[in-house]
Amino acid sequence: MDKVLPLRLGVNIDHFATLRNARKEGFPSIVQAATMTISAGADMVVCHLREDRRHINDEDLYLIRKVVVKDLDLEMALREDVIKISFDVKPDKVTIVPERREEVTTEGGLDVKKHFDQLKELVKEYKKAKIETFLFIEPDIETIELSAKLGVDGIELHTGRYSRARGKDVIHEYKRVKIAAEKASEEGLLVAAGHGLDYQNTPLIASIPQIFELNIGFSIISKSLFIGYENAINSMRQLMMINRK
Ligand code: PXP
């Protein structure tokens with residue numbers, strides 16, 4: 001019987017900034033978003049400082065760090081400017097993601113093979129700075145083995161294909177995530193998952209015992225428009241526990 005880990009919820013607050021930027025206003029406040037995320041019972045605040053700063057910007061990140069004293073996860077690409085900022089801001093965790101300017105959101109996982117040498121150096125630097133390193137990767141065995149060789153703390157499995165699957169493909173994609181989670185756990189890695197998770201497809205992913213954390217953004221922020229932010233977080237939390245023994 002697999003050990004079932006407690007399941008944490010990280011909430012990605014980027015889309016508060018998307019909304020603010022749509023009108024070039026000072027609200028909704030990103031600081032309020034960050035503090036409410038924690039007071040509503042999420043375990044972590046997640047944000048992604050993108051190359052084009054399309055949602056949160058540098059100032060937002062520094063402000064978020066001031067109010068989120070622990071459990072801040074910075075998603076970031078392997079870009080020199082953002083890497084530099086990350087060492088200055090010192091989030092508790094960085095999640096390295098691939099980034100393409102033309103994409104709407106992070107499509108696909110990191111090419112660990114291509115960036116292996118750069119990642120190896122960077123992981124050492126983050127270790128020295130006491131920042132956990134996670135890699136956002138496809139549920140793929142070879143990529144997991146490579147990630148383990150880098151000495152990262154963990155991986156976040158990209159659930160994009162799972163969340164877009166329909167019909168019998170759902171089970172197929174779920175199994176890919178499950179097998180990948182088992183493999184990563186055997187390799188001694190912490191296993192998070194995220195992308196495209198919503199109020200329907202989350203319980204199945206939450207049932208995988210090796211997964212210790214889900215990172216969810218768009219569906220929670222969207223739901224909050226109708227039922228309020230705290231309710232949206234609580235309601236997701238409850239769904240996450242349905243299949244968790
Ligand atoms: N995890 C990572 C690494 C991401 O890049 C994103 C999207 O920013 C998410 C989780 C959250 O995805 P969604 O907004 O679809 O819930």
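Since the model is a prediction, treat every value here as computed from it, not as a measurement. Counting starts at 1 for both ligands and their atoms, in listed order.
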> Show the distances, to 0.1 Å, for all pairs joining an N/O atom of ligand 1 and a protein N/O atom that are shorter than 3.5 Å, listing one pair per line.
| from | atom 1 | to | atom 2 | distance (Å) |
| --- | --- | --- | --- | --- |
| ligand 1 | 1 (N) | E75 | OE2 | 3.3 |
| ligand 1 | 1 (N) | E156 | OE2 | 2.5 |
| ligand 1 | 5 (O) | E75 | OE1 | 3.1 |
| ligand 1 | 5 (O) | T106 | OG1 | 3.3 |
| ligand 1 | 8 (O) | N12 | ND2 | 3.3 |
| ligand 1 | 8 (O) | E75 | OE1 | 3.3 |
| ligand 1 | 14 (O) | F218 | N | 2.9 |
| ligand 1 | 15 (O) | G196 | N | 2.8 |
| ligand 1 | 16 (O) | G217 | N | 2.8 |

> Which of parallel (below 30°), tilted (30 to 60°) and perpendicular (above 60°) describes H158 and F136?
parallel
> Heavy-atom count check: over 12 atoms from other residues, nucleotides or ligands less than 6.0 Å from K114 NZ?
no
> Sequence neighbours left out, what passes side chain to side chain contact (heavy atoms under 4.5 Å, CB included) with N234? Give chain and number order.
none
> Near F218 CZ, under 6.0 Å, is it more than 12 heavy atoms from other residues, nucleotides or ligands?
no
> Side-chain donor-acceptor contacts of residues 23-34 below 3.5 Å, not counting sequence neighbours, with atom names and distances?
| from | atom 1 | to | atom 2 | distance (Å) |
| --- | --- | --- | --- | --- |
| S29 | OG | V31 | N | 3.2 |
| S29 | OG | Q32 | N | 2.9 |

> Does N231 have any side chain to side chain contact (heavy atoms under 4.5 Å, CB included) partners at least two apart in sequence or in another chain, and if so, which?
I227
